[in-house]
K.L.:
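Below is one structure. I have some questions about it.
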Amino acid sequence: MAHQCSCGGIHNDGELGVQYNLYQKIDIENIECLNECEEGSGATVFKSWENRLDRNKYVESDMDNELLFNIPFTGNIKLKGLIIIGGEDDFHPNKVKLYKNRPHMTFDDISTEPEQEFELCVDTNGIHEYSLKIVKFSSVYHLSLYFIGTERTDKIKIYYIGLKGEWSPAHQHGVTICTYELRPQMNDHSRGDLENIDRTIS
């Protein structure tokens with residue numbers, strides 16, 4: 001079905017439901033949302049495509065018009081697309097900045113250069129895609145999203161954050177502990193072994 005959003009374009013949502021399924025690959029219990037009005041509400045905006053229009057679950061900023069999400073994944077992501085459904089009227093975020101692999105960011109860190117940023121349009125149907133630079137988001141294990149409203153906005157709301165991309169399991173590197181003998185230990189060798197070692201040394 002085709003829809004029109006405030007960007008002026010016509011978008012077809014026929015294939016988006018299949019593509020926007022990375023919410024299943026988020027470590028949802030460890031999501032951080034800084035400046036959320038209700039604790040834990042930030043994690044609720046990562047939901048299935050079918051539930052993206054559900055207005056019962058959302059996150060609202062607390063003290064001002066900023067929200068900062070720290071999103072860990074259960075593996076490595078090649079991130080390709082982003083969809084945002086924000087609040088209506090003055091509650092809509094104006095801009096989002098994306099930061100790759102910087103866990104536990106705070107508002108003190110947002111002055112650093114993001115990998116990418118977008119001016120956000122009003123998209124009540126959740127069908128306007130923001131295309132990411134895949135070369136910059138080819139191996140993402142953690143994503144930070146910083147949202148801010150306009151100067152006239154006291155607070156912002158977000159109902160849905162959709163992520164599109166490819167997931168692969170994280171590589172697990174085992175640790176091998178090796179012990180080297182500088183001098184032979186009496187308990188580890190027979191008498192014959194020790195005599196051979198002595199002859200070799202001498």
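Numbering starts at 1 and runs along the sequence shown. Because the structure is a prediction, the values reported are computed rather than measured.
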K.L.:
Are any of the side-chain heavy atoms of E36 and E60 separated by less than 4.5 Å?
P.N.:
no
K.L.:
Assess whether side chain to side chain contact (heavy atoms under 4.5 Å, CB included) is satisfied between R55 and I85, documenting all intermediate values.
P.N.:
CA-CA 10 Å; R55 293 298 195 268; I85 300 179; 4.0 Å; yes
K.L.:
Kindly indicate whether the side chain of F107, heavy atoms from C-beta on, has any atom under 4.5 Å from the side chain of L68.
P.N.:
yes
K.L.:
Just so I know, are the side chains of T106 and L34 near enough to count as touching, which here means a heavy-atom distance under 4.5 Å?
P.N.:
yes
K.L.:
Test L53 against N51 for side chain to side chain contact (heavy atoms under 4.5 Å, CB included), laying out the working first.
P.N.:
CA-CA 6 Å; L53 302 181; N51 293 324; over 6 Å; no
K.L.:
Check step by step if salt bridge (charged side-chain N to carboxylate O under 4.0 Å, His left out) holds for D90 and R152.
P.N.:
CA-CA 8 Å; D90 291 339; R152 69 175 186 274; 3.4 Å; yes
K.L.:
Against the six-membered ring of Y58, is K157 placed for a cation-pi contact (under 6.0 Å from the centre, within 45° of the normal)?
P.N.:
yes
K.L.:
Applying side chain to side chain contact (heavy atoms under 4.5 Å, CB included), run through K57 and V45 and close with a yes or a no.
P.N.:
CA-CA 7 Å; K57 294 182 178 180; V45 303; over 6 Å; no
K.L.:
Are I71 and S144 packed together at the side-chain level, in the sense that at least one heavy-atom pair is separated by less than 4.5 angstrom?
P.N.:
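I71 does not reach S144 side chain to side chain.
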K.L.:
Is there a side-chain contact between K95 and F147 (heavy atoms, below 4.5 Å)?
P.N.:
no
K.L.:
How many angstroms lie between NZ in K100 and OG in S139, if you round to the nearest 0.5 Å?
P.N.:
6.0 Å
K.L.:
May I ask you to check if R52 and Y159 form a cation-pi contact, with NZ or CZ under 6.0 angstrom from the six-membered ring centre and within 45° of the axis?
P.N.:
no
K.L.:
Quick check on E119: does its CD atom have over 12 non-hydrogen neighbours (other residues, nucleotides or ligands) under 6.0 Å away?
P.N.:
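Counting other residues, nucleotides and ligands, CD of E119 exceeds 12 neighbours.
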K.L.:
Under the side-chain contact (heavy atoms from CB on, under 4.5 Å) rule, collect the residues that match up with K78, sequence neighbours excluded.
P.N.:
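If we apply the side-chain contact (heavy atoms from CB on, under 4.5 Å) test to K78, skipping adjacent residues, the hits are K80, I134, E166.
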K.L.:
Out of curiosity, L79 CG to L132 CG, how far, rounded to the nearest 0.5 Å?
P.N.:
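So the CG of L79 and the CG of L132 are separated by 5.0 Å.
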K.L.:
Restricting to non-hydrogen atoms, name the atom on C33 and the atom on V59 that form the minimum distance, rounded to 0.1 Å.
P.N.:
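Heavy-atom minimum between the residues: SG-CG2, 4.1 Å.
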K.L.:
What is the minimum heavy-atom distance between G126 and W49, and which atoms define it?
P.N.:
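Shortest heavy-atom separation between G126 and W49 comes out as O-CH2, 3.1 Å.
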K.L.:
Taking the six-membered ring where the residue is Trp, are the ring centres of F69 and F46 under 6.0 Å apart?
P.N.:
yes
K.L.:
Can you see which heavy atom on Y20 is nearest to which on L82, and at what distance?
P.N.:
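Between these two residues, the closest heavy atoms are OH-N, 3.4 Å.
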K.L.:
Which pair of non-hydrogen atoms, one from H128 and one from I83, has the smallest distance, and what is that distance?
P.N.:
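Here H128 and I83 meet closest at O-CG1, 3.5 Å.
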K.L.:
What are the two closest heavy atoms between N35 and M63, and how far apart are they?
P.N.:
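Closest approach of N35 to M63, heavy atoms only: OD1-N, 3.1 Å.
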K.L.:
Can you hop from I161 to Y146 via hydrophobic side chains spaced under 4.5 Å?
P.N.:
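They do not share one cluster, since no chain of ILVMFWY contacts under 4.5 Å joins I161 to Y146.
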K.L.:
Can you tell me which residue among N70, D109, T112 is in a side-chain hydrogen bond (donor to acceptor under 3.5 Å, both in side chains) with R102?
P.N.:
T112
K.L.:
Donor-acceptor pair, distance only, cut-off 3.5 Å: does the side chain of D89 make one with the backbone of F91?
P.N.:
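Such a contact is absent between D89 side chain and F91 backbone.
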K.L.:
Supply the atom-to-atom distance N101 CG to I77 CD1, rounded to the nearest 0.5 angstrom.
P.N.:
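Answer for the CG-CD1 pair, N101 versus I77, is 11.0 Å.
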K.L.:
Decide yes or no on ring pair (Phe, Tyr, Trp, His ring centres under 6.0 Å) for F73 and Y141, but give the supporting numbers first.
P.N.:
CA-CA 5 Å; F73 294 100; Y141 62 84; 9.2 Å; no
K.L.:
Under 3.5 Å, is there a donor-acceptor pair linking the side chains of Q116 and Y130?
P.N.:
no
K.L.:
Search all heavy atoms of N56 against all heavy atoms of D54 and return the closest pair with its distance.
P.N.:
N-OD1, 2.9 Å
K.L.:
Would you check, one step at a time, whether the test side chain to side chain contact (heavy atoms under 4.5 Å, CB included) holds for N65 with D154?
P.N.:
CA-CA 5 Å; N65 62 352; D154 294 327; over 6 Å; no
K.L.:
Would you mind reporting whether I26 and I31 have side-chain heavy atoms less than 4.5 Å apart?
P.N.:
yes
K.L.:
Flag the pair Y99 / I110 as yes when at least one side-chain heavy-atom distance between them is below 4.5 Å, and no otherwise.
P.N.:
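They are in contact (side-chain heavy atoms under 4.5 Å apart), so the answer is yes.
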K.L.:
Considering only NZ, NE, NH1 and NH2 on the basic side and carboxylate oxygens on the acidic side, decide whether E115 and K97 come within less than 4.0 Å.
P.N.:
no
K.L.:
Counting only N and O atoms by type, is there a donor-acceptor contact under 3.5 Å from the side chain of H92 to the main-chain atoms of C121?
P.N.:
yes
K.L.:
Measuring from T150:OG1 to L120:CG, what's the distance to the nearest 0.5 Å?
P.N.:
11.5 Å
K.L.:
As an exercise, state the distance from CD1 of I148 to CD of E117, rounded to the nearest 0.5 Å.
P.N.:
11.0 Å
K.L.:
Rounded at 0.5 Å granularity, tell me how far CG in L145 sits from CG in L163.
P.N.:
7.0 Å
K.L.:
Less than 4.5 Å apart, side chain to side chain, heavy atoms only: is that true for L98 and V96?
P.N.:
yes
K.L.:
May I ask you to check whether T44 and S41 show a side-chain donor-acceptor distance below 3.5 Å?
P.N.:
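Not at all, the side chains of T44 and S41 share no donor-acceptor pair under 3.5 Å.
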